[in-house]
Amino acid sequence: MSYDFKKIENYWQSYWAKNQTFAAENSSKLPKYYVLDMFPYPSGAGLHVGHPLGYIASDIVARYKRHKGFNVLHPQGYDSFGLPAEQYAIQTGQHPAITTETNINRYRQQLDQLGFSFDWSREIRTSDSTYYKWTQWIFIQLFNAWYDLSLNKARSITTLITLFSEQGNKNITAVCDENPPEFSAQEWNDFSEIEQQKILLQYRLAYLSDTEVNWCAELGTVLANDEIINGVSERGGHPVIRKKMKQWSMRISAYADRLLQGLEKIDWPEPLKEMQRNWIGKSVGASVVFNVTDYDATVEVFTTRPDTLFGVTFMTLAPEHELVSKITTQEQSAEVNAYVEQTSKRSERDRMTDVKSITGVFTGAYAIHPLTKQQIPIWIGDYVLAGYGTGAVMAVPCGDQRDYDFATHFNIPIVNIFKDADISKEAFTDKENSVIANSDFLNGLSYKEASQKVIASLEKIGAGKGTINYRLRDAVFSRQRYWGEPFPVYYKEGMPQMIDRAHLPILLPKVEKYLPTQEGAPPLGNSSQWGWDEQNNNVVSNDKIDHQTVFPLELNTMPGWAGSSWYFNRYMDAHNTEEFASQEALHYWKEVDLYLGGSEHATGHLLYSRFWQHFLYDMEQVPVEEYAKKLINQGMILGTSALAYRKRGTQTFLSKGLVQDHEVDPVHVDVSFVNSSDELDVEQLKKWQSQFAEASFELEEGVFRVGREVEKMSKSKYNVVNPDDICEQYGADTLRMYEMFLGPIEQAKPWNTAGISGVHSFLRKLWKLFHLNESFEISEEKPSRESLKTLHKTIKKVTEDIENFSFNTSVSSFMICVNELSAQQCNQRSILEPLTCLISPFAPHIAEELWKLLGHQESLSKTPYPVYEEHYLIESSKEYPISFNGKMRFTKKLPLSLSPKEIENEVLADDRTQQQLDGRTPKKVIVVPGKIVNIVG
RNA sequence: GCUCGAGUGGUGGAAUUGGUAGACACGUUGGACUUAAAAUCCAAUGAGCAGUAAUGUUCGUGCGGGUUCAAGUCCCGCCUCGAGUACCA
């Protein structure tokens, strides 16, 4: 009976499905463990071998924890709203729901064949109305909340309304839009309802405002900052411009500090935490107010170097700054207007790529230094960004390189305010090692002391204060797309109204076309059925909108990150129709114990989901503030592309060794045509694409060799390796173990099919331990002490490795174990039974099969994991390496029970030691018990 | 530019608090079995030098220093690669 992995894997996959082996209970006496994978977007291309890497690792942990006696929640679902299905719909007219359904079925089939222990009874899809009903509900909660800075948490908007009606907004510290109008309680109560709503909108956590957004004309939608890479859209690489639009936004900036603090409490990879810290971008400094001469205006700047205030010799405003048009003098206006015009035309991308050139223009206006009362010229320059801080800087050329370059370029004076600093060539930017000079009452002080003193004196005269500035912007929440969650919002007299939770979900309407309407409204505007009847509380036809009780619904949809920002809570109670999850379930499962996914979500999903969780925590909807205790970023599995070299301008391909000095163009060819020695099957290639059919091939040593390059797996590079093929040839257990064996889980690594046979033959060797002469046969006799040692050594190592997520070394340990047991001709039940269990997290199918052969009726998935016994591992003696002056010379077997002094004596008594010493007496003998003896002489 | 991470055989990668560097696997070479091949099993495999051989010996973890009886591991200075970020005041 040979190892028939196909039969075994089919049998057990259907067994698990039929018996619901991995369904988790929402209450149990066992301790809980929640292992989560970042759910996939079901793309049309299906899975390649890189995708399952994280799922395999999490599955190993899930199965291991079940053996260890935990009640394990290991769910899976689909992030099924998204752009590709929508674009397919635009091209073909096929509803995205159908595309999505097809893709999900394909994904499910591929996931099943890998033998994952997911609890599919809890599957969720973000595009299901039973799911997005609760995404809409959470949106309403965000709309009905404000952020109270005095309590440092979000609160219901009704508490704010009460405060307004009792005391106005003078003493309220809240995170809100810039400069809300001030009003008293009396004034508030006199406001019309519309006016009140307008004001409240400036405080809500989900709010509607005219915002400068990143508009991508090509995609016909706005994009969040994290969806833009190098000034172009992440998807498609289309240009992005700044544009003012009425948009929903999320006041994530309210949580900037708590999101930063929270990082300290969670066990996430340090690089990823660092990325979130940078993205939040906290900087501590001061805001300073400068009065403008001859105008009734002030310029507020933010600086991280208040200590350098006496070094200010000019100011720079962003070209977009609102004061620019106000304060520019007549003489300068032509020049300034031209400059503003010119910079506004430059795209974001130009501005970024062209960092080096210094441009700017003088406004003709002057500001007054708050302390020296000197006049300082106000310039504008595009090195100052409108979006950061106040859009204006106080320029200290001696202490900031950009200010220095600007000053040098325009011949603006530079004042040196640092003791012993040479600023003849560049600015002195080392704040930790600076001593202030030439600065009145700050002379001789350090950065820290001077900053404190300046802030104190600015506060005294009302010209500034200590401030903390964050780079994190509020997140735009509207998308002009079809395939996303509709907002539960309609408009009455231009003001947004929430639809009561009793009437959720608001379903996506049917539309004729998935493109924006002719009037430029989002695709939902194509629906004829899309208005809200306030009296009957339902969605009705658009035509009736001017009817008194029917109002227009919001036509935007939510962004991709809406549904993924809370899904981990939904798995806890996936079918609840009354709440997003019951409090019992939420309090039982609490948080994700282990979360696996790629680091590309660092500043997107992983930040937004933390924000929503913090908010839900404030509203007492969830029991924990941070939803994922530990996170692991699995590295990407890269493809090894194959390149054939075509002589430039010809139809001749050269084998790799013949390229040398020829001018060649590399052409990607399908990796499946190439064997492990880089030899290309030319006949197959010719049949593949017409461009190769007539081409000629120059061989070397009778074969055609290709070049290799490691890059991302992608269809267009023909380097995709399909897990289906590997499963067909070697089985899922081999694929699982091989992917783990390939290297550390966090590391990016190229796929290389060459080594897979080693793992496969390991599984065959394992099978053979149980099969003598082709039939199942094990011994009931007592195993040898040697075999017991091998087993317990392996248990110890593998247990530690899994706990440390070091799966590649566990696989090695298994290989050593099976090799040793084969050599010992071990086939005793008392060794093989625990070994089966040990291997089950990695290769579950073969483990289950062997377990069955051992005579067990039930699945082994909850069998207690074997525990190693120390006494099998303790050795009575050890080969000590004996070294002289650190250099190893020989080894000597010594009992471990000896004391260091006894070891020393034994070693010195040895002939070989004496031979090495050659009559000299050693200076010192260093004994590390159990490890090494070093003789220094 | 800044921040973070990583450099170990022909290849992927091991190496605990500093303690025999190269586990395990691939590949390569030789051998066994076979009419032959596949499959399987066994052995060798960092480089150099000496030796018929057992063996001995030198050099070896990106480069240059340092600490230490002992450094892949710790410290200082560089180089290269990767990731993130980019005029953030």
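Small disclaimer: the values here were computed from a predicted structure and weren't measured. Residue numbers begin at 1 in each chain, while the letters A, B, ... track the order of the sequences.
- A:Q401 comes within 4.0 angstrom of nothing in the nucleic acid, heavy atoms only.
- B:A14 and B:C87: their C1' atoms are spaced 45 Å apart (whole Å).
- Residue contacts shown for A:P744 are limited to sugar-phosphate atoms, with no base heavy atom under 4.0 Å away.
- Here B:C4 presents its P atom at 16 Å from CG of A:L263, a figure rounded to the nearest Å.
- Using modelled atom types, one finds no donor on one side chain facing an acceptor on the other under 3.5 Å when comparing A:Y880 with A:T891.
- B:C42 and B:C81: their C1' atoms are spaced 41 Å apart (whole Å).
- Looking at the side chain of A:N819, the nearest of the listed nucleotides B:A25, B:C26, B:A86 is B:A25.
- Nucleic acid contact class of A:D403 (heavy atoms, under 4.0 Å, all strands): none.
- Aromatic pair A:F5/A:Y730: ring centres not closer than 6.0 Å.
- Across the protein-nucleic acid pair, A:R764 atom CZ and B:A25 atom P stand 14 Å apart, rounded to whole Å.
- A:S283 and A:Y388 share a donor-acceptor pair across their side chains, judged by distance under 3.5 Å alone.
- Taking the side chain of A:P271 as heavy atoms from C-beta on, and the options B:C4, B:C24, B:C88, the nearest nucleotide is B:C4.
- Comparing B:C87, B:G27, B:G19 by their closest approach to the side chain of A:I932 singles out B:G19.
- When side chains are defined from C-beta on, A:N827 does not count as touching A:L769, because their heavy atoms never get closer than 4.5 Å.
- The side chain of A:E274 lies closest to B:U3 when the candidates are B:U3, B:A14, B:C24.
- Here A:N808 lies in heavy-atom contact (under 4.0 Å) with sugar-phosphate atoms only.
- A:N719 and A:S641 are linked by a side-chain donor-acceptor pair at a separation below 3.5 angstrom, with hydrogens and angles left out of the test.
- Relative to the side chain of A:K749, the nucleotides B:U20, B:C26, B:G13 differ in distance, and B:G13 lies closest.
- For the residue pair A:E300 and A:T390, no side-chain donor N or O sits within less than 3.5 Å of a side-chain acceptor on the partner.
- Backbone-only engagement by A:K765 is indicated by non-hydrogen atom pairs under 4.0 Å involving sugar-phosphate atoms exclusively.
- Rounding to whole angstrom units, CD of residue A:E820 and C1' of B:C24 are separated by 12 Å.
- Between B:G62 and B:G72, the distance separating the two P atoms is 10 Å to the nearest Å.
- Atom CG of A:L272 and atom P of B:U85 are 12 Å apart (whole Å).
- For A:R402, the side-chain atoms get nearest to B:C88 when compared with the rest of B:G27, B:G13, B:C88.
- Of the candidate nucleotides B:A23, B:G84, B:C26, B:G84 has the atom nearest to the side chain of A:M275.
- B:U61 and B:U55 have their C1' atoms separated by 27 Å, given to the nearest Å.
- With B:U57, B:U40, B:A23 as the choices, the nucleotide that has an atom nearest any side-chain atom of A:K768 turns out to be B:U40.
- Using a 4.0 Å heavy-atom criterion, one finds that A:I926 contacts the bases of the nucleic acid, with or without backbone contacts as well.
- Within 4.0 Å of A:R277, counting heavy atoms only, lies no atom of the nucleic acid at all.
- Counted by atom type alone, A:T809 and A:S806 present one or more donor-acceptor pairs between their side chains at under 3.5 Å.
- Nearest-nucleotide positions on RNA chain B for A:E879 and A:G743 put A:G743 closer to the 5' end.
- Across the C1' atoms, B:U11 and B:G7 are found 16 Å apart, a figure rounded to whole Å.
- For A:K931 and B:U73, the NZ to C1' distance is 13 Å, given to the nearest whole Å.
- As rounded to whole Å, 17 Å separates atom P of B:A83 from atom NE2 of A:H601.
- Side-chain N/O atoms of A:Y880 include none lying less than 4.0 angstrom from OP1 or OP2 on B:U20.
- Base engagement by A:F741 is indicated by at least one non-hydrogen atom pair under 4.0 Å involving a base atom.
- Defined by atom type and a distance below 3.5 Å, a donor-acceptor pair is missing between the side-chain atoms of A:Y868 and A:T799.
- When each of A:Y470 and A:A748 is assigned the nucleotide of RNA chain B bearing its nearest heavy atom, the one mapping closer to the 5' terminus is A:A748.
- Under the rule for a side chain to side chain donor-acceptor pair (under 3.5 Å), A:E906 has no partner lying at least two apart in sequence or in another chain.
- For A:V393, whose side chain is taken as the heavy atoms from C-beta onward, the closest listed nucleotide among B:U20, B:A15, B:A89 is B:A89.
- Using atom P as the reference point in both B:C63 and B:U73, the two lie 11 Å apart (nearest Å).
- Distances from the side chain of A:M815 to the nucleotides B:C26, B:U85, B:A25 place B:A25 closest.
- Taking atom CH2 of A:W751 as the reference point, atom P of B:U11 lies 21 Å away to the nearest angstrom.
- Distance A:K797 NZ to B:A15 C1': 10 Å, rounded to the nearest Å.
- B:G9 takes the syn form, because its glycosidic angle lies no more than 90° either side of 0.
- A:Q276 and A:T603 form no side-chain donor-acceptor contact under 3.5 Å, judged by distance and modelled atom types alone.
- The gap from the C1' atom of B:C88 to that of B:G10 amounts to 48 Å, rounded to the nearest Å.
- B:A15 and B:U20 have their P atoms separated by 14 Å, with the value rounded to a whole Å.
- Side-chain contact annotation: A:D405 with A:Q401, donor-acceptor N/O pair under 3.5 Å present.
- Within 4.0 Å (heavy atoms only), A:N752 reaches no atom of the nucleic acid at all.
- Stem regions annotated for RNA chain B: B:1-7 with B:79-85, B:10-12 with B:24-26, B:27-32 with B:40-45, B:46-50 with B:55-59, B:62-66 with B:74-78, counting only runs of 3 or more consecutive pairs of Watson-Crick or G-U type with both contacts under 3.5 Å.
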